[in-house]
Visitor: 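My questions all concern the structure below.
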Amino acid sequence: MLDIKFIRENPDAVAKALANRKTAADLSGLLGLDAARRTAITEAEELKGERNAASKKIGGLMKDGKKAEAEEAKERVRQIGDRITALDEQVRELDEKILQMLLFIPNLPLAGVPVGKDETDNVVVRTWGEKKTFDFKIKPHWDITEALKLVDFERGTKIAGSGFPVYTGQGARLQRALIQYMLDLHTVEHGYTEVEPPFVCNADAMTGTGQLPKFAEDMYHIGFDGLYPVPTAEVPVTNLYADEIIEEKLPLKLTAYTPCFRREAGAAGRDTRGLLRLHQFDKVEMVNFVKPEDSEKQHEILVREAEKVLQKLGLHYRVIELCTADIGFSAAKCYDIELWAPGVEKWLEVSSVSNFWDYQARRARIRCRDEQGKVQFVHTLNGSGVALPRLVIALIENNQNADGTVTIPEALRPYMGGLAKLG
RNA sequence: GGAGAGGUGGCAGAGCGGUUUAAUGCGCCGGUCUUGAAAACCGGAGAGCCGCAAGGUUCCGGGGGUUCGAAUCCCUCCCUCUCCGCCA
């Protein structure tokens, strides 16, 4: 959420930043409500001051036995009280309206984020590795998973629906191995603390990180209990510190494996084949809570930590900086990491590494102290480290052999019981 | 799920209608003393909002109510603990 004070003092800059995002917002309407709110608060607080003083006097009169005088004063204060009740109600309504508007306004892109009209204006920052050449006819991953019985799509559809694959045999083992490999990498080499959060969250948590209220349709919802299966570990892990002043040393780096549930509303019919786009998938996520002055530096470190996962597996990837029109709702700056998948001949997004600045911290009220002990909002960052299905796609398409087997990268073999090949 | 008890500042724990601007202890920060430290003593110290500031105002699990005035009384929801039941 944006700071209403910042909007009040920089309306033009905010309008321009939102325009770069291709987002419209009624800023003047918002500021009108803000002005009305402050007027009402000022009057209400003045009256409360009067009432507090008068009530104290009444207490004194009662004690002295001056009953008549006390009754007279009570009547006067009652009237003040009525006015206060009305003003408080007015403030409450204005607060709610202002909050509802703020919750729907996205974060502002950082200065330096390329201004663009859509995803075609994203910028390739760097590329690692190169496209592998094959001396045989390669297969797309769905043929490989079928031949090696790694994934059973049909039975997943039967028990849950399309987009809910069943991993079987070595395919299931591979999922488990990748999760463990990534968690070990982040905890041992990158200094993360592993957490295993709940796989469902309440509406408050969903609002804190920005999924609600705007993206309700993208999520599953257990209406009976008011819970949402998590669309990403970002939600439970970031909200761990909601409503807190973090006293631990920053940066605080947490990593978590969770399954992720997404309705993919609006994406029906796209990438329906294989593992490209799913309603449920596994992901290891990294979340950082950092001091405001460190967030840009820490963001760069975070992308490198995600890249490390791919480098150790020897996979060709590129890092993209998203332009103003393409960064996510809550993000101020975002890098995507894309793996090359030769079978489907596509760059596949396996990681999104975002700097949320103080946007989520303000929504979730996550704070820290500066050197003077003054309370301020932390900056939150997160990055996939990484998402499994597309990693699996790239892994098996890149490492497939002429005989139909798939070579397992060295880094992964300890997690596969020493196995060198699938199939 | 049933019965009971309880939710107060970082923690412990008073207060149960009007000098509570939330006692007291521990912990924390600063100071005195000390070669240094400890102890002792003195002082400080929560969060939000409005305000240029002075200052004001709100917050005792959440919400609502009674009252001139609520941490304190009433209603309701949530959570925790104990016992019972069920159960991986």
Side-chain angles (χ1 to χ4, degrees), chain A residues 1-10 30-103 196-208 222-228 236 239-250 252 289 358-378:
Chain A
M1 176 162 79
L2 300 183
D3 182 1
I4 186 72
K5 278 193 213 112
F6 183 83
I7 301 176
R8 193 189 300 149
E9 285 157 18
N10 307 277
L30 176 64
L31 292 176
L33 294 175
D34 173 54
R37 171 180 178 272
R38 286 183 294 145
T39 303
I41 283 181
T42 303
E43 191 186 340
E45 290 190 348
E46 248 168 55
L47 292 174
K48 282 176 186 173
E50 280 181 39
R51 180 177 68 182
N52 287 345
S55 288
K56 202 166 278 183
K57 252 181 229 163
I58 290 172
L61 291 172
M62 303 281 276
K63 204 169 279 177
D64 298 344
K66 297 176 180 170
K67 198 123 192 272
E69 269 179 70
E71 285 306 320
E72 206 175 300
K74 277 189 192 181
E75 180 50 35
R76 276 200 309 277
V77 179
R78 204 191 320 265
Q79 283 169 22
I80 296 177
D82 290 345
R83 178 68 184 144
I84 289 173
T85 303
L87 283 166
D88 277 350
E89 174 62 15
Q90 204 177 320
V91 170
R92 201 196 57 74
E93 283 173 15
L94 286 165
D95 274 341
E96 184 55 29
K97 277 185 195 164
I98 290 167
L99 178 65
Q100 282 310 315
M101 290 183 84
L102 287 174
L103 288 177
E196 183 178 306
F199 297 163
V200 292
C201 280
N202 59 31
D204 275 351
M206 289 293 171
T207 305
I222 306 169
F224 206 76
D225 298 295
L227 295 170
Y228 298 80
N239 280 287
L240 248 25
Y241 288 90
D243 286 310
E244 295 192 33
I245 298 169
I246 301 178
E247 304 290 358
E248 281 107 315
K249 192 172 166 296
L250 299 180
L252 179 59
F289 300 88
D358 59 2
Y359 187 89
Q360 292 182 326
R362 184 170 283 106
R363 284 173 88 109
R365 298 162 303 279
I366 306 169
R367 292 151 296 165
C368 63
R369 295 179 195 280
D370 65 14
E371 273 71 23
Q372 286 76 45
K374 199 164 162 284
V375 173
Q376 57 184 347
F377 287 110
V378 299

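Below, chain A is the first sequence line, B the second, and so on; all start at residue 1.
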Visitor: Tell me what A:Lys5 touches on the nucleic acid: a base, only sugar-phosphate, or nothing, going by heavy atoms under 4.0 Å.
Guide: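 Counting heavy atoms under 4.0 Å across all strands, the contact made by A:Lys5 is with sugar-phosphate only.
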Visitor: B:U19 and B:A71: how far apart are their P atoms, nearest whole angstrom?
Guide: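 That atom pair is separated by 11 Å.
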Visitor: Ignoring the backbone of A:Arg369, work out which of B:G46, B:C50, B:G18 is nearest its side chain.
Guide: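 The answer is B:G46.
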Visitor: Strictly below 4.0 Å: does A:Asn52 bring a side-chain N or O up to OP1 or OP2 of B:U21?
Guide: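 No.
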Visitor: Name the nucleic acid region contacted by A:Arg92, choosing base, sugar-phosphate or nothing; use a 4.0 angstrom heavy-atom cut-off, strictly under.
Guide: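 The answer is nothing, as A:Arg92 stays clear of every strand by at least 4.0 Å.
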Visitor: Please give the distance between the P atoms of B:A14 and B:G25 as a whole number of Å.
Guide: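 Those two atoms are separated by 15 Å.
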Visitor: Taking only N and O in the side chain of A:Arg78, is any of them less than 4.0 Å away from OP1 or OP2 of B:C68?
Guide: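 Yes.
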Visitor: Counting any heavy atom closer than 4.0 Å, what does A:Arg37 reach on the DNA or RNA strands: base, sugar-phosphate only, or nothing?
Guide: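 Sugar-phosphate only.
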Visitor: Is A:Arg76 touching bases, backbone alone, or none of the nucleic acid, heavy atoms closer than 4.0 Å?
Guide: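 The answer is nothing, as A:Arg76 stays clear of every strand by at least 4.0 Å.
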Visitor: Write down the distance separating the C1' atoms in B:C28 and B:G10, rounded off to the nearest Å.
Guide: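 Straight-line distance between the two C1' atoms is 8 Å.
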Visitor: Between B:G69 and B:G64, how far apart are the P atoms? Round to whole Å, please.
Guide: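 16 Å, rounded to whole Å.
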Visitor: Tell me whether the OP1 or OP2 atom of B:U21 has a side-chain N or O from A:Lys56 closer than 4.0 Å.
Guide: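 The answer is yes; a side-chain N or O of A:Lys56 sits under 4.0 Å from OP1 or OP2.
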Visitor: Just to be sure I understand the rule, does A:Gly49 reach a base, reach only the sugar-phosphate, or reach nothing, if contact means heavy atoms closer than 4.0 Å?
Guide: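 It contacts sugar-phosphate atoms only.
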Visitor: Could you tell me how far B:G65 sits from B:G56 if I compare only their C1' atoms? Round to whole Å.
Guide: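 So the two C1' atoms sit 27 Å from each other.
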Visitor: When you measure from the side-chain N and O atoms of A:Arg38 to the phosphate of B:G51, is any distance below 4.0 Å, counting only OP1 and OP2?
Guide: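 For B:G51, OP1/OP2 do have a side-chain N/O of A:Arg38 under 4.0 Å.
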Visitor: Could you tell me how far B:A12 sits from B:U8 if I compare only their P atoms? Round to whole Å.
Guide: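 These two P atoms come out 7 Å apart once rounded.
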Visitor: The side chain of A:Ile41 lies closest to which of these nucleotides: B:C68, B:G48, B:C49?
Guide: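 Side chain of A:Ile41 sits closest to B:C49.
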